[in-house]
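I have a structure here, written as structure tokens, and I will follow up with some questions on it.
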2 protein chains.
Amino acid sequence: MRVITLNANGIRAAARKGLYPWLARQRADFVCLQETRAQEYQLADRCFRPRPFHCFYHDAEKKGYSGVAIYSRHRPDRVVHGLGWPGFDAEGRWLEVQVGRLNIISLYLPSGTSSESRQQVKFEVLERLLPYLKSLRRKRREYIICGDWNMAHKPIDLKNWRSNQKNSGFLPEERAWLDRLFDEAGYVDGHRVADPRPEVYTWWSNRGRAWEKNVGWRIDYQIITPGLRERVRRARVYTARRFSDHAPLIMDYDWPLPDGRGC
Amino acid sequence: MRVITLNANGIRAAARKGLYPWLARQRADFVCLQETRAQEYQLADRCFRPRPFHCFYHDAEKKGYSGVAIYSRHRPDRVVHGLGWPGFDAEGRWLEVQVGRLNIISLYLPSGTSSESRQQVKFEVLERLLPYLKSLRRKRREYIICGDWNMAHKPIDLKNWRSNQKNSGFLPEERAWLDRLFDEAGYVDGHRVADPRPEVYTWWSNRGRAWEKNVGWRIDYQIITPGLRERVRRARVYTARRFSDHAPLIMDYDWPLPDGRGC
DNA sequence: CTTGTTATG
DNA sequence: CATACCAAG
């Protein structure tokens, strides 16, 4: 089973850069996108419903802003839009499909870089999210929470960790939250299970020559329940081409899915 | 003496398309630009003060909107910003330099295409402008009023005149105003003096394939006082390259200027 | 369709 | 710096 997550930074821009022909060659079972930055009526072009996937979008109410999507090769038993938290849901940040015992989520956590008030929003979401994620652990289900978490965990997860300790995305409070996600709630960073190497990032600022110099951050994850830890086969970040300021994180799992019947 | 007029549709965009290297090769004495769409503080780059010209800008108060400029090889005796009409002047639509007995003006008449209320503004400007232009005729001076007049005069001046008789830019009232400008106020369409050919246009819509099909309008003029009629040597529209949705109108006059000393 | 604006990341 | 938006032409 192959799961791809990508912050598209505008699904229409990513499409212009060849995302969809590339996707068609990846044999993915699930594709989780974040920052679609479009409302579904703006995605009338057929390319935005790639075959053979079942395609789901959860848009922000504000035009051109945020929004997540999931493409699922397998018809989901259920699709969940949002978490029932009004402000968060209005920003199109959580979409979930259930296929058998497995739940796949596309999550786009708020960025705190634009203002102090947005950092407060990010903290409020985190505060509410941890208990919710803990509560999921009581179910007899496995979860793969794909997304742009907008936080790097450890010094190995970004190029310049020293100079970023006061910047949103690598604040001590954010790193401590990720500690709790792993140590207390028991989740696992799927990518790290398969790939312990440094200097593997998923996002590079557009400013300066961050990409050319690999001045990046690893802020896109596939966070998994522990029952999937032993099933991680492979993780890689696709950097041969650029569709966005983020790179796709492609993960393969040993998981018995029904045969993929297209839509 | 060479005078060039061009609606630049954003002087910064025109610069990216090579306007300034091209200008340097034209040996112009005066360059009149319209729709600079910039405020002077945004034109810090030295390219926007091309040598050896004396450069003058008259910006709109609204950012990114309207604005006119004149580059004069000869140090003007006087530079006039606006006509003293508050609403009109706030939109940066009139700039005038005086060199000896000659006045050169860069004029950008309002467009009426965006709304009925803007068409009313255009009519109000026209109503006020004609008496003003008539009053200039009482002076012992010659005038070259360069600009985007946003009106075609006769069927020969646009490709599809029949279908445009109800469209702003070829309304009967606008055409009648131009009749009065010529017949009553005595001004002369300099371009037409030198070039009677049809299908010579200065503006092509960006929509459709207007440029490729030469579906254009002649709405940029050098309007001259009758004393200059016999001094028109040549008029041509430069279409070998595109700097804007308008093309430069280049005119040569027999006029005794002092030797051009650069700034 | 294109320019330049603005908000957001 | 890039992707959206919007106003204007």
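So you know, we letter chains A, B, ... as the sequences are listed, proteins then strands, and number each from 1. Hydrogens, waters and symmetry mates are skipped; everything else that's a heavy atom, side chains included, is used.
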**Asked** Are any of the side-chain nitrogens in B/K62 or B/E91 under 4.0 Å away from the carboxylate oxygens of its partner?
**Response**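 No, B/K62 and B/E91 are not salt-bridged.
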**Prompt:** Between A/H246 (NE2) and D/dC1 (C1'), how many Å, whole number?
**Reply:**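 Taking atom C1' of D/dC1 as the reference, NE2 of A/H246 is at 13 Å.
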**Message:** Please tell me if B/R207 has a side-chain N or O lying less than 4.0 Å from either OP1 or OP2 of D/dA8.
**Reply:**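 For D/dA8, OP1/OP2 do not have a side-chain N/O of B/R207 under 4.0 Å.
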**Prompt:** Phosphate oxygens OP1/OP2 of D/dA8: is one of them under 4.0 Å from a side-chain N or O of B/K62?
**Reply:**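 Yes, B/K62 has a side-chain N/O under 4.0 Å of OP1/OP2 on D/dA8.
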**Request:** Nearest whole angstrom, please: distance from the P of D/dG9 to the CH2 of B/W149.
**Result:**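 In whole Å, D/dG9 P lies 18 Å from B/W149 CH2.
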**Prompt:** Atom CD1 of A/I219 and atom C1' of C/dG9: how far apart are they, to the nearest Å?
**Reply:**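 The answer, rounded to whole Å, is 10 Å.
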**Request:** Output yes when A/E40 and A/R49 qualify as a salt bridge under the 4.0 Å nitrogen-oxygen rule, no when they do not.
**Result:**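 Salt bridge between A/E40 and A/R49, a charged N being under 4.0 Å from a carboxylate O: yes.
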**Prompt:** If only side-chain N and O atoms of B/K17 are considered, is one of them under 4.0 Å from the OP1 or OP2 phosphate oxygen of C/dT3?
**Reply:**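 So the side chain of B/K17 is within the cut-off, an N or O lying under 4.0 Å from OP1 or OP2 of C/dT3.
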**Asked** Can you find a side chain N or O atom of B/T113 that sits less than 4.0 Å from OP1 or OP2 on D/dG9?
**Response**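 No, no such contact exists.
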**Request:** Would you confirm whether the ring centroid of B/W22 sits within less than 6.0 angstrom of the ring centroid of B/Y238?
**Result:**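 They qualify: ring centres under 6.0 Å apart.
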**Message:** Any carboxylate oxygen within less than 4.0 angstrom of a Lys/Arg side-chain nitrogen, looking at B/R12 and B/D45?
**Reply:**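 No, B/R12 and B/D45 are not salt-bridged.
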**Prompt:** Between B/R242 and C/dC1, does any side-chain N or O lie under 4.0 Å from OP1 or OP2?
**Reply:**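 Answer is no, no contact under 4.0 Å.
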**Asked** Starting at NZ of B/K122 and ending at C1' of D/dG9, how long is that distance when rounded to a whole Å?
**Response**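 Atom-to-atom, B/K122 to D/dG9, this comes out as 11 Å.
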**Message:** So if I take every side-chain heavy atom of B/K63 and compare against C/dG9, C/dT3, C/dT5, which nucleotide ends up nearest?
**Reply:**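 For the B/K63 side chain, the nearest candidate turns out to be C/dT5.
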**Asked** Would you say a side-chain N or O of A/Q39 is under 4.0 Å from OP1 or OP2 of D/dA4?
**Response**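 Checking A/Q39 against D/dA4: no side-chain N or O falls below 4.0 Å of OP1 or OP2.
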**Item:** Selection from C/dT8, D/dC5, D/dG9 that lies nearest to any side-chain heavy atom of A/S114
**Value:**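 Selected nucleotide (nearest to the side chain): C/dT8.
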**Message:** Could you check whether A/K159 pairs with A/E199 (Lys NZ or Arg NE/NH1/NH2 to Asp/Glu carboxylate O, under 4.0 Å)?
**Reply:**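 Counted as a salt bridge, because a side-chain N and a carboxylate O are separated by less than 4.0 Å.
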**Asked** Any Lys/Arg nitrogen of A/D189 or A/R218 sitting under 4.0 Å from an Asp/Glu carboxylate oxygen of the other?
**Response**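 Yes.
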**Message:** OP1 or OP2 of C/dT3 versus the side-chain N and O atoms of B/Y65: is any pair under 4.0 Å?
**Reply:**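 No, because none of the side-chain N or O atoms of B/Y65 sits under 4.0 Å from OP1 or OP2 of C/dT3.
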**Request:** Assign each of B/D245 and A/G208 to its nearest nucleotide of DNA chain D by heavy atoms, then name whichever residue's nucleotide is nearer the 5' end.
**Result:**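 It is A/G208, whose closest nucleotide lies nearer the 5' terminus.
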**Gap between atoms CD and C1', on A/E61 and C/dA7 respectively (whole Å)** =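 Answer to the nearest Å: 17 Å.
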**Prompt:** With a non-hydrogen cut-off below 4.0 angstrom, is A/Q42 in contact with a base, only sugar-phosphate, or nothing?
**Reply:**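 If one applies the 4.0 Å heavy-atom cut-off, A/Q42 turns out to touch the sugar-phosphate alone, with no base involved.
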**Asked** Counting just side-chain N and O atoms, does A/R16 come under 4.0 Å of either OP1 or OP2 of D/dA4?
**Response**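 Looking at the OP1 and OP2 atoms of D/dA4, one of them is under 4.0 Å from a side-chain N or O of A/R16.
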**Request:** Could you state the atom-to-atom distance from CG of B/L109 to C1' of D/dA8 in whole Å?
**Result:**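 Computing the B/L109:CG to D/dA8:C1' distance gives 17 Å.
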**Prompt:** Between atom CG in B/L6 and atom P in C/dT3, what is the gap in whole Å?
**Reply:**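 Nearest whole value for this atom pair: 13 Å.
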**Gap between atoms CG and P, on A/N7 and C/dT8 respectively (whole Å)** =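 A/N7 atom CG is separated from C/dT8 atom P by 17 Å.
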**Prompt:** B/A13 has a side chain; which of C/dT3, C/dG9, D/dT3 sits nearest to it?
**Reply:**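 It is C/dT3.
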